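Source: prediction; values computed, not measured. Heavy-atom basis, side chains included; hydrogens, waters and symmetry copies ignored. When a ligand or atom number is given, it counts from 1 through the structure's own listing order.
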Amino acid sequence: MCGIVGYVGDSEALPILLSSLERLEYRGYDSAGVALIENGEIFVQKEVGKIRELVKSLWGKSSKAHCGIGHTRWATHGVPSFENAHPHLDPSKSFAIVHNGIIENYKELKEELINQGHIFTSQTDTEVIVHLISKYYEGDLLEAVRKTIELLKGAFAFAVITKYEPDRIIGVKQGSPLVIGVGENENFLASDIPAILPYTKQIIVLDDKEIVDITKSSISIYDFDGMIKTKHSMFVPWDIVSAEKSGYKHFMLKEIYEQPRVISDTVRGFLSEGISFPFDIKAINRIVMSACGSSYNASLIGKYLIERYAKIPVEVGYASEQRYEDIPIDENTLFIAISQSGETADTRFAAQYAKDNGAKLLSIVNVVGSSLDRESDYTLYTHAGPEIGVAATKTFTAQIAVLYGLAAFMGYERGSMTYEEYSNKIDKLAHIPSKIEDFLQNTDLNGGVYSELSSAKNAIYLGRGLSFPIALEGALKLKEISYIHAEGYAAGEMKHGPIALIDENMPVVFIAPKDKLYEKAISNIEEVLARKAKLIVIGNASDQHLKDISKHFIGIPDLDEEDLYPILSVVPLQLIAYEVANRLGLDVDQPRNLAKTVTVE
Ligand code: AGP
């Protein structure tokens, strides 16, 4: 998730671009840059690091440019570096582009351009776009952009300028956000409203498959077929802080609602990057997974999926425990470290122990260029963008999406799954975002379940099979932001002791989707009901029986791939934790005692 901005108008562009970028830093901050049209040429300045590094590098630069674009990067293709920072230029330095999104087919487009003699300077997918625009330019930037986007697959929001048309910016919106700020003798483009709110509250939100052609005194919007579209601006009453949260009260709630897009981006990234292990996956006879917190809970999901699809034995451990144990590891062990930050000390140390003992190290991280990324033999990325809330939400579901794809890929590579079965799994995964969207659009935070738990001192979360790690994750979410003691447990294990805890005062949250263990879950639910627990069920919305026997019931959409229920069933648990903490008036985004990334033991 990157941030793009554009300005054309009577004022100097540079200070506007820089301050706009600062208000987009929450979208990504591993490098930043600006491109300005001045004296008939394109001036570009880029820096690795936060916006302040870019501001420092431009200190004292006086620019009379009235048209320019800017970018703050959250790396998806290519590590954070000067070469990969945006804006990107075509070889003739006559066109500049800033982009947010993922071009799925960039590799084949790049290969074709290289065969035609194009020379690239970065590893990014974005650079392909500006090469194509330059190739198709015959005097009209809009026309060149239209020809280019016909070739692009994936998600993209970009802004492009050319020295040949110094007072014009063309923007395109497909899958990633883009808004227009309407000013007096000036107009703005940005990934998100906060960037431009200090300059105008009149905003036009672009929809997918729209192109915008802006000058200081005109805004024209077209569809991808070139038909003009009429769109009206809206007045946005927000202040900057609420705008960064897109109007949500907390970043955590915003990030819960971002999950449909995040899963789409993660699947896109997974498909566009593909998987090419630098080791023989067939030689692997054992997998050890290592993580902390929510990433540990995601690892447990990975264990179930990899064992089911790839038939390799998988051991999962808390990184903080593993690093002090002599885990048997050799060159036929694949060590999978999962960490959204890529900086968790416990996980990094466990990974280092594994590498020192000959294991192949595969990591799943959300931050490209993080320590764990750089220390791994191979990395798969979640494309969740920066997660501001301390409680993991979108990064957790993105991890499960990657693990699901990885398990299916391993199954195919090792011959326990046909290519058709593999691609069918990926196709089912690609449909999950709409299911999450359906659920979120039909959810209200007024149900009795929230007051039930807000007044509780303890709670038990139960699940079987793939729902067991989700029970752990739901309990962790409640604990860490509402400070209510909650325990996640394997439902079948309750009768071996913990069921003694259950009485009419104990809320029990049971995750029971219609999967292969549903009947077993029903039996466990009967055991819980027999002890008069306050039963809260997360189940299929079509499940009338569970609705009838639950004190509170939250329904999730039916899926035709039961192994994907974890991505869906965790969302109501995230909302439960959020709303309970919110009602208790607690600091949802920054709970007491916690840090977003634990870089110490
Ligand atoms: C989860 O909500 C917590 N923020 C915490 O448990 C977190 O998952 C854990 O610290 C691991 O972080 P990582 O994924 O960045 O390694």
Side-chain angles (χ1 to χ4, degrees), residues 74 250-256 258-259 262 266 289-302 316-323 335-352 354 361-376 379-403 461 469-484 486-488 570-571 573-578 580-581 586-601:
W74 180 267
H250 297 101
F251 276 110
M252 181 181 175
L253 189 59
K254 175 188 176 192
E255 287 156 0
I256 289 171
E258 278 181 345
Q259 290 179 117
V262 163
T266 297
M289 301 181 81
S290 178
C292 307
S294 289
S295 297
Y296 170 84
N297 296 334
S299 304
L300 285 174
I301 299 279
V316 179
Y318 285 114
S320 54
E321 288 295 308
Q322 288 171 322
R323 54 181 301 224
F335 195 88
I336 302 179
I338 302 184
S339 171
Q340 81 83 17
S341 63
E343 300 298 344
T344 299
D346 290 326
T347 310
R348 288 181 59 205
F349 286 129
Q352 194 53 54
L361 177 57
L362 164 63
S363 291
I364 299 175
V365 303
N366 190 45
V367 183
V368 178
S370 58
S371 301
L372 192 58
D373 179 11
R374 285 181 277 112
E375 292 151 3
S376 299
T379 305
L380 289 172
Y381 300 107
T382 52
H383 291 271
E387 187 171 64
I388 313 298
V390 164
T393 50
K394 61 178 184 174
T395 56
F396 175 76
T397 48
Q399 287 170 344
I400 298 177
V402 170
L403 284 163
Y461 285 64
I470 298 303
L472 295 176
E473 176 61 11
L476 175 62
K477 289 281 100 47
L478 189 71
K479 273 188 281 237
E480 68 177 325
I481 65 173
S482 73
Y483 317 147
I484 294 170
E487 189 164 0
V570 74
V571 178
L573 302 180
Q574 295 167 344
L575 288 170
I576 285 173
Y578 169 79
V580 167
L586 299 171
D587 187 344
V588 172
D589 285 331
Q590 277 141 12
R592 68 184 182 195
N593 308 341
L594 292 179
K596 182 59 186 170
T597 302
V598 184
T599 55
V600 294
E601 273 203 87

At less than 4.0 angstrom from any non-hydrogen atom of [X], what atoms of ligand 1 do you find?
| X | result |
| --- | --- |
| S295 | 8 (O), 13 (P), 14 (O) |
| G293 | 6 (O), 8 (O) |
| K477 | 1 (C), 2 (O) |

Is the number of heavy atoms from other residues, nucleotides or ligands within 6.0 Å of CD (E375) greater than 12?
-> yes
Test your reading of the structure: does [X] have an N or O sitting under 3.5 Å from an N or O of ligand 1?
| X | answer |
| --- | --- |
| T347 | no |
| T597 | no |
| S341 | yes |
| L476 | no |
| Q399 | no |
| A391 | no |

Where is the nearest protein heavy atom to [atom]: which residue, which atom, and how far?
| atom | value |
| --- | --- |
| atom 7 (C) of ligand 1 | S294 N, 4.1 Å |
| atom 12 (O) of ligand 1 | T344 OG1, 3.6 Å |
| atom 10 (O) of ligand 1 | V598 CG2, 4.2 Å |
| atom 9 (C) of ligand 1 | C292 O, 3.8 Å |
| atom 4 (N) of ligand 1 | V390 O, 2.8 Å |
| atom 2 (O) of ligand 1 | E480 OE2, 2.4 Å |

Would you say [Y] and [X] are linked by a side-chain donor-acceptor pair, where the criterion is simply a distance under 3.5 Å?
| X | Y | answer |
| --- | --- | --- |
| Q340 | T382 | no |
| T379 | D373 | yes |
| E343 | S370 | no |
| Q574 | Q259 | yes |
| K477 | T393 | no |

Among T266, V367, N366, find the one that has a side chain to side chain contact (heavy atoms under 4.5 Å, CB included) with T395.
->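 One option only clears the test, and that one is N366.
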In Å, rounded to the nearest 0.5 Å, how long is the span from CG of L472 to CG of L300?
->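 Answer for the CG-CG pair, L472 versus L300, is 6.5 Å.
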Looking at E473, Q399, E480, which hits side-chain hydrogen bond (donor to acceptor under 3.5 Å, both in side chains) with S294?
-> E473
Under the ring-ring contact (aromatic ring centres under 6.0 Å, His included) test, residues paired with Y318 that sit two or more places apart =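 Listed in chain order: Y296.
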